[in-house]
Number of protein chains: 2
Amino acid sequence: MGKVTIKDVAKKANVSVTTVSNVINNSGRTSPDTIRKVKQVIEELQFSPSASARNLRDKSSHLIAVVVPFLEKGRLQDNPFYWQLVLGIEEGARNHQFHVILLGVDEEENFSFVSERHLDGLIVVGTFEGTPILKQIQALDVPCVFMDSYMSEFNLYQVLLDDEMGGYLGTKHLIGLGHQRIALLSGKLQQNGVNYKRWLGYRRALEEAGLPYDPELVREEPVSTAGGYQASQYITDPRMNITAVFVFSDVGAMGLIKGLHELGVHVPRDISIVGFDDLFYTDYMIPSLTTVNQDVIERGNIAVRLLLDQIVGESRDDARKVVLPVSLKVRKSTGPAPNVQSAP
Amino acid sequence: MGKVTIKDVAKKANVSVTTVSNVINNSGRTSPDTIRKVKQVIEELQFSPSASARNLRDKSSHLIAVVVPFLEKGRLQDNPFYWQLVLGIEEGARNHQFHVILLGVDEEENFSFVSERHLDGLIVVGTFEGTPILKQIQALDVPCVFMDSYMSEFNLYQVLLDDEMGGYLGTKHLIGLGHQRIALLSGKLQQNGVNYKRWLGYRRALEEAGLPYDPELVREEPVSTAGGYQASQYITDPRMNITAVFVFSDVGAMGLIKGLHELGVHVPRDISIVGFDDLFYTDYMIPSLTTVNQDVIERGNIAVRLLLDQIVGESRDDARKVVLPVSLKVRKSTGPAPNVQSAP
DNA sequence: CTGAAAGCGCTTACAG
DNA sequence: CTGAAAGCGCTTACAG
């Protein structure tokens, strides 16, 4: 029975393919009667136009790709954060009649698929400045939006979080509870990177409270579940006098709490913990996790909008970066600093 | 500078487009010299053939879609399980030069995009028997593989888990610890569905141990994080005498443990919990979760292979269903039944 | 308001 | 071993 084409429709409706095409795209001038007839035949024949043929003509595919670089093994597998991000992107794209290709790439990837498939745009998730992948992407000259990435170049399109504020809020919360020795599990502090911004917020909160900044309290090891777990050793070093830890990811915070638990350290009685992301399960951790909330799905939606702005050509140069607000979700993993508690 | 086409290559290499095409697809007979020359020009011009043009000719897109039905709100957002599944699929597809479109669909979706884009195949994740979506997909007549779905029709391609064994292993483990009143948070027990199979395993283990089957112990409410949490009420009903719970998802188990914790019930001292999936974070829960392990990434890989078998036409009818093994990961959420413990 | 025709970039018989 | 030509299914000037 083979695919039905525009020709079949034209024949059955007794019109030209031009007219059928016009009806489909409601372009040109067509009489209401003809439109009705053609539409009916389209319905009868269950005709739907071939995307390949259109792409070939239009040099556009209505296809965007979510590019997920596999930089560190396991980094992406581990974090459910990305699933939500991708769902948000898919949702946004669908609302605009775009489809999204999901693509894992490694260092040696060549991006020929972009021109081969006439991709209309790319959303790049979780990459770093200065990686070969980034250079390749930039050479591509295709609309692009970066998410959860570490880009300082100011002319790139990005959907960001108010990371500085996140760092500030979490730290301020802890200070308000009387904590003075607040450790940071920050991940790599790359200039202008996400973690760097959060770190700035941390410093601002300290300064505002008149507390000294001690670089010894900051750990730049990458924060995965396992990383957080291992950090428990360092955190409980008695010479450090740490009473609170701000971990820049919820998965890291979960690992840390587990590690502390095994060392017999009670959260929050002995040590308070703040996370970052507000993953779906943080409310179900024991204790439930105080963390910095972000709307991940919304982020995905906005990334698509930003990409489509470029594709459709309405590049509003004033809004290359969209910064989303954060808020602090206070739960049970934070409490008064031990010395304060025993004061009265 | 516009896209470079096969014509440009032909001209620069002083050959016909036919020859260039032959070199690209190494079809036909071409002299080694010509091949070398053409390849060099391709390199120089950075030529990569247009997928749209190819698709138009070949009626094939080298594109498959992962279809994710939004049946219950939140069901998919919640479970990081799907992220791993999709990563496995992507990885498998990439290894075979296919790209994958990620697509959320709701009840009213029409699947015209399949023919429009000449999709080569579909992987359908997490759907149920008898849904309108399923009917539509089956009417499509496109290669298809179902995952994490509830299909009894025996002629469908599916990647399954040895669910019966999973149910058996978890239950047997609990029985071995002296538990006799073992509750099930099973989700819907649809005939031949995933949960049904697990339930069969549960029954087999009971029978083998000479324990009675009590339908009152089985709860069919859907098991999400919140669902597990709420179930804590029922589980602790003193009339039930429950000392262990088998939850058919890790997210549900997490919710339940949280709920029990808030009721002052200690896991595993008072109640033992077994989960299902072995999500990445189960080792970091407090207590760490005893659960049924499955290799999700591998499942994705196999789904792609099964799909490609159909697409390439090597349908080996003997293997429409691939059943993957499960194993039990014993951790700290299970322990001796209270009465046994106090026996000696 | 409607239609004939060119062209998008490929591949594949077919001829030589 | 190589090339001219048809055709995949659309859309868009262009002419009427």
Side-chain angles (χ1 to χ4, degrees), chain A residues 1-39 41-42 45-63 97 112-120, chain B residues 1-39 41-42 45-63 97 112-120:
Chain A
M1 40 164 274
K3 173 85 173 93
V4 11
T5 75
I6 198 174
K7 266 190 196 163
D8 302 321
V9 176
K11 196 176 299 169
K12 184 148 185 193
N14 279 315
V15 295
S16 70
V17 295
T18 304
T19 299
V20 177
S21 178
N22 280 148
V23 170
I24 295 170
N25 305 295
N26 47 54
S27 52
R29 324 242 78 247
T30 318
S31 81
D33 269 9
T34 309
I35 293 181
R36 195 159 23 238
K37 188 172 53 180
V38 170
K39 283 197 165 163
V41 174
I42 287 176
L45 262 38
Q46 301 253 50
F47 168 72
S48 62
S50 152
S52 316
R54 280 184 163 169
N55 298 347
L56 182 55
R57 266 219 106 243
D58 305 346
K59 274 92 170 52
S60 144
S61 59
H62 269 224
L63 216 47
Q97 338 283 10
S112 55
F113 61 85
V114 173
S115 61
E116 283 170 13
R117 290 226 186 251
H118 299 293
L119 295 187
D120 290 334
Chain B
M1 42 162 275
K3 175 87 172 91
V4 11
T5 76
I6 197 174
K7 265 189 195 165
D8 303 320
V9 177
K11 194 177 300 173
K12 183 148 184 190
N14 278 318
V15 295
S16 71
V17 294
T18 304
T19 298
V20 176
S21 178
N22 280 147
V23 170
I24 295 169
N25 305 295
N26 48 54
S27 53
R29 326 243 76 248
T30 318
S31 80
D33 268 10
T34 309
I35 292 182
R36 193 160 22 239
K37 188 173 50 180
V38 170
K39 284 198 166 163
V41 174
I42 287 177
L45 262 37
Q46 300 255 52
F47 168 72
S48 62
S50 153
S52 316
R54 279 184 164 169
N55 298 348
L56 182 55
R57 267 218 107 246
D58 304 346
K59 274 94 170 51
S60 144
S61 57
H62 270 223
L63 215 47
Q97 339 281 10
S112 56
F113 62 85
V114 174
S115 61
E116 284 169 13
R117 290 223 187 255
H118 299 294
L119 295 186
D120 290 334

- Considering residues at least two apart in sequence or located in another chain, which fulfil the salt bridge (charged side-chain N to carboxylate O under 4.0 Å, His left out) criterion with B:R36? B:D33

Could you pull out every donor-acceptor pair under 3.5 Å between side chains of residues 9-19 of chain A and any protein atom, sequence neighbours left out?
from, atom 1, to, atom 2, distance (Å)
A:K12, NZ, A:E44, OE1, 3.1
A:S16, OG, A:T18, N, 3.4
A:S16, OG, A:T19, N, 3.2
A:S16, OG, A:T19, OG1, 3.2

- Query: Side-chain contact, heavy-atom cut-off 4.5 Å: B:F47 with B:I24?
  - Reply: yes

- Message: I need the minimum non-hydrogen distance between B:R117 and A:H62, along with the two atoms involved.
- Response: NH2-O, 2.8 Å

- Task: With sequence neighbours left out, write down each residue that passes ring-ring contact (aromatic ring centres under 6.0 Å, His included) with B:F113, or none if nothing qualifies.
- Result: A:H99, B:F111

With sequence neighbours excluded, tell me which residues meet side chain to side chain donor-acceptor pair (under 3.5 Å) with [X].
{"X": "B:S21", "value": "B:N25"}
{"X": "A:S115", "value": "B:S48"}
{"X": "B:H118", "value": "A:S50"}
{"X": "A:S27", "value": "A:N22"}

- Task: Answer with base, sugar-phosphate or nothing: what part of the nucleic acid does A:N25 contact at a heavy-atom distance below 4.0 Å?
- Result: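 The residue A:N25 makes sugar-phosphate contact but no base contact.
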
- For the pair B:D120 (side chain) and B:S60 (backbone), establish whether a donor and an acceptor sit closer than 3.5 Å, ignoring hydrogens and angles. no

- Without swapping roles, check the side chain of B:N55 against the backbone of B:A51 for a donor-acceptor pair under 3.5 Å. yes

- Within residues 46-62 of chain A or reaching into it, pairs that qualify as salt bridge (Lys or Arg N to Asp or Glu O under 4.0 Å) - sequence neighbours excluded: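 As it turns out, there is no salt bridge (Lys or Arg N to Asp or Glu O under 4.0 Å) pair with a partner in residues 46-62 of chain A once direct neighbours are skipped.
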
- Over 12 non-hydrogen atoms of neighbours within 6.0 angstrom of NZ in A:K39: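 Open.
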
- Note on the structure: Judged by nearest nucleotide, the residue sitting upstream toward the 5' end of DNA chain D, B:T30 or B:K59, is B:T30

- Query: First and last nucleotide of DNA chain C in contact with chain B, 5' to 3', at under 4.0 Å to a heavy atom: what are they?
  - Reply: C:dG9 to C:dA13

- Within residues 45-54 of chain A: residues closer than 4.0 Å to DNA chain C (heavy atoms): none

- Task: Counting Watson-Crick and G-U wobble pairs whose two distances are both under 3.5 Å, find the runs of 3 or more in a row that involve DNA chain C.
- Result: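 Stems for DNA chain C, defined as runs of 3 or more consecutive pairs: C:1-3 with D:14-16, C:5-12 with D:5-12, C:14-16 with D:1-3.
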
- Query: Want to settle it: does B:S27 or B:L56 sit nearer the 5' end of DNA chain C, counting the closest nucleotide to each?
  - Reply: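 Closer to the 5' end of DNA chain C: B:L56.
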
- Check DNA chain D against residues 13-24 of chain A and give the residues with a non-hydrogen atom under 4.0 Å, in numerical order. A:T18, A:S21

